[in-house]
Amino acid sequence: MKKPSQIAIDGPAASGKTTVGKLLADRLGFLFFDTGVMYRLATLHALKKLGQVDDEAAVTALTREMDISLRTNEQTGETEALLFGQLVNGQLHSPEVDKQVSVVAAYSGVRAALTEQQRRIGLLGDVVMVGRDIGTVVMPDAALKFFLLASPEERARRRSQENQAKGIDSDYVEILRDILRRDELDSTRTIAPLRPAEDAILIDTDQKAPEAVVAEMFSHITQALTA
Ligand code: DC
């Protein structure tokens, strides 16, 4: 009986991948790895150095040389991201990074550099990895692949609630517009576009609490274990 040691979760912006992925990883005692953080770090680094992200060759070179590390804060359980040793979590969801990250994520050299690092982490096993191309490109042999779906309105509602809880000013219409824009960019790019792998299990998360989604995932994990 094979233990599903690599679990891929993909889906569009704000579809609940992080919340659900963290819960699932906690229950399984697996590492939770959010690959979106890496694309956000590459974007932040480029913005700091260049003030823009339009120069593909320069952004790619900066991504290759950037020194990043991710660690779990033992007290809060949060993933902490360090760029050249500096904690930058607070800057990863700034409006500027939100606006530019899909542009950076479409650069082939950026994807090649980050995908290689993600694959290495995936090979260690016992990992729940979340992103856009985990089931299709990063871990195509993952034992289980989930693809989360939710309507754009539901996703915008969740994101504005999250922002409010964090005390961040947020405008529902603006968030909805940004989500639709990012979905379009992420799913129409040529390299590793956002799409479910052929063997992915689609889960519609509209009207479902994160625990209910995790329960649904668990029933698939149990089936995989007993198959
Ligand atoms: O999940 P997120 O919103 O933090 O992701 C930020 C951006 O990074 C998103 O616009 C798409 C991109 N991304 C990607 O292209 N591939 C991944 N595996 C993860 C994220």
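Counting convention: from 1, in listed order, for ligands and their atoms alike. These numbers come from the heavy atoms of this one structure, side chains and all, not from hydrogens, waters or symmetry mates.
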Atom-level proximity to ligand 1, residues with heavy atom under 4.0 Å: T35, G36, Y39, R40, V101, S102, A105, R111, G131, R132, D133, I134, R182, D186, R189

Pair E80-N89, side-chain hydrogen bond (donor to acceptor under 3.5 Å, both in side chains): steps then yes or no: CA-CA 6 Å; E80 294 182 336; N89 279 50; over 6 Å; no

Ionic contact status for D10 with R195, cut-off 4.0 Å: no

N-O pairing of R155 and D183 below 4.0 Å: yes

R158 and E162 ion-paired at < 4.0 Å: no

Carboxylate-amine/guanidinium proximity below 4.0 Å for D178 and R159: no

Electrostatic pair E153-R157, nearest N-O below 4.0 angstrom: no

